[in-house]
Amino acid sequence: MRKGILSLTTAAAVMTLGLTACGGDGATTAAPSDAASSGSASAPAAVAGKVGVILPDSKSSARWETADRKYLEEAFKAAGVAYDIQNAQGDKTQFQTIADQMITNGATVLMIVNLDSGTGKAVLDKAKAQGVATIDYDRLTLNGGASYYVSFDNTKVGTLQGEGLVKCLTDKKADKPIIAELNGSPTDNNATLFKNGYDGVLKPKYDAKEYVAGPDQSVPDWDNAQAGTIFEQMLTEQPKIAGVLAANDGLGNAAIAVLKKNSLNGKVPVTGQDATVQGLQNILAGDQCMTVYKAIKKEADAASELAIGLAKGEKPTAPGTVKDTESGADVPAVLLDPQPIFFDSVKDVVADGFVTKDELCTGEFAAKCTEAGIQ
Ligand code: BGC
């Protein structure tokens, strides 16, 4: 088990939204202005402050550009707060340059999804030195000292993945299956938490000799292409892999592509995370066993509620705390509840408005959608 994990101070820290803001009820809203949405410093916003958001990339998961950006934008527009959302495209130098520019251009609140804790901390330190309020969004920056952290219960995400794989292997009546683990980026604290979660389910199975621990590797920067190469090697070395714990839908899809080449897709269950259109289609096709749905709208709403409060000069309170195990600090936190999705519950993701039937039920998937009860 790796070091630097984030642990909850209390189980009660995991809860759905219940933010309260000191010094204001958050009811002040203004008609959204186009200028505010452009992020221009000259935007005539109703709120004095300005929020800068740095997303990590657009390749490690579809979520950042298709979900997080959209929901954050909607929240800032509705509140009439000036904002600037940029994507570092996986480039750590660019990440720091964007942060510097945002601070120069008058950001009073900075929300980041770090690319690693080191560069994340450098950015948070600079922001704090300039009196800019800080929020870690989705990924905790270890030893970063952000004022707030908004995410899901990431250990639970991993537990659901482990339990999901067990369910699919049980359904297939797998006998002593050899499991491959395709972990997320070693620089992402979330990947550590996911692994803690699924290993908590799988390790007892290995110990009891019910399952066999097979290849176990991290994928640098969650790079989907590298994941394909890594999984190809895994399967070459161990052709009897019978289950794949992939840490997100992108990694899962990379494994599925390799399984397809070997006519093993559908026979070897693969997990995922993020409920991306691709992941859900892989589930409908029977090539992916499950994914984990994280209601990103709730995450974006919780983070933007904090950011908007801070932009108004308030000092919002968060419902819980998480421990930064590197610094020992208790970081005020909002942690939301993830949900496992299998073939029969793909419809729940559609019903929640996270993906539409139109984008999901294209071509060959139309019949599968009907079978899965997607309206
Ligand atoms: C996020 C996942 C995402 C992964 C790759 C993690 O930190 O929690 O939702 O799939 O990064 O971007």
Side-chain angles (χ1 to χ4, degrees), residues 2 4-6 53-72 87-92 95 111-117 119-120 135-142 144 146 149-161 182-198 218-227 245-255 270-280 282 288 290-300 302-303 322 333-341 349 354-355:
R2 277 173 284 170
I5 60 158
L6 160 69
V53 181
I54 313 180
L55 300 173
D57 63 67
S58 47
K59 288 190 184 154
S60 65
S61 173
R63 62 168 286 182
W64 306 114
E65 284 299 327
T66 61
D68 296 271
R69 179 188 288 274
K70 176 179 75 181
Y71 294 131
L72 289 168
N87 191 316
Q89 301 300 357
D91 182 333
K92 287 163 201 157
F95 192 97
M111 194 192 292
I112 66 164
V113 185
N114 75 54
L115 287 170
D116 64 18
S117 283
T119 49
I135 301 173
D136 269 338
Y137 182 67
D138 200 73
R139 299 177 180 166
L140 185 77
T141 304
L142 292 174
Y149 175 50
V150 179
S151 194
F152 285 81
D153 177 348
N154 292 308
T155 307
K156 181 161 178 198
V157 170
T159 304
L160 294 175
Q161 292 172 318
L182 208 47
N183 312 303
S185 176
T187 57
D188 180 352
N189 183 60
N190 285 347
T192 309
L193 300 172
F194 301 147
K195 185 164 174 58
N196 287 344
Y198 50 75
S218 295
V219 179
D221 302 323
W222 295 91
D223 184 306
N224 291 193
Q226 277 194 63
L245 193 311
N248 79 356
D249 285 353
L251 305 188
N253 189 62
V270 177
T271 63
Q273 173 182 187
D274 288 343
T276 59
V277 169
Q278 186 181 60
L280 295 171
N282 281 336
Q288 186 170 325
M290 60 90 66
T291 187
V292 177
Y293 171 50
K294 302 190 293 190
I296 291 169
K297 183 174 178 354
K298 284 192 187 155
E299 187 180 19
V322 292
V334 181
L335 292 187
L336 301 158
D337 212 22
Q339 193 186 325
I341 301 293
V349 183
F354 186 67
V355 296

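Whatever order the structure lists ligands and atoms in, that order sets their numbers, starting from 1.
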Any chance the side chains of Thr141 and Asn114 put a donor and an acceptor closer than 3.5 Å?
yes
Given Asp249, Asn253, Thr271, the one that forms side chain to side chain donor-acceptor pair (under 3.5 Å) with Gln288
Asp249
Please list, chain by chain and in numerical order, all residues satisfying salt bridge (charged side-chain N to carboxylate O under 4.0 Å, His left out) with Arg63, sequence neighbours excluded.
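Partners of Arg63 by the salt bridge (charged side-chain N to carboxylate O under 4.0 Å, His left out) criterion, ordered by chain and then number, come out as Asp68, Asp138, Glu299.
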Counterpart residues, side chain to side chain contact (heavy atoms under 4.5 Å, CB included), relative to Ala275 (two or more places apart)
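Testing Ala275 for side chain to side chain contact (heavy atoms under 4.5 Å, CB included), a comparison that skips the adjacent residues, returns Leu280, Thr291, Tyr293, Val349, Phe354.
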If the criterion is any heavy atom closer than 4.0 Å to an atom of ligand 1, which residues make the list?
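The 4.0 Å shell around ligand 1 contains Ser60, Ser61, Arg63, Trp64, Asp138, Arg139, Asp188, Asn190, Phe194, Trp222, Asn248, Gln273, Asp274, Lys294.
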Say you draw a straight line from CG of Leu193 to CG of Asn190; how long is it, rounded to the nearest 0.5 Å?
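With rounding to 0.5 Å, CG (Leu193) is 6.0 Å from CG (Asn190).
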Residue list, ring pair (Phe, Tyr, Trp, His ring centres under 6.0 Å) with Tyr71, at least two apart or on another chain
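Applying ring pair (Phe, Tyr, Trp, His ring centres under 6.0 Å) to Tyr71 gives none.
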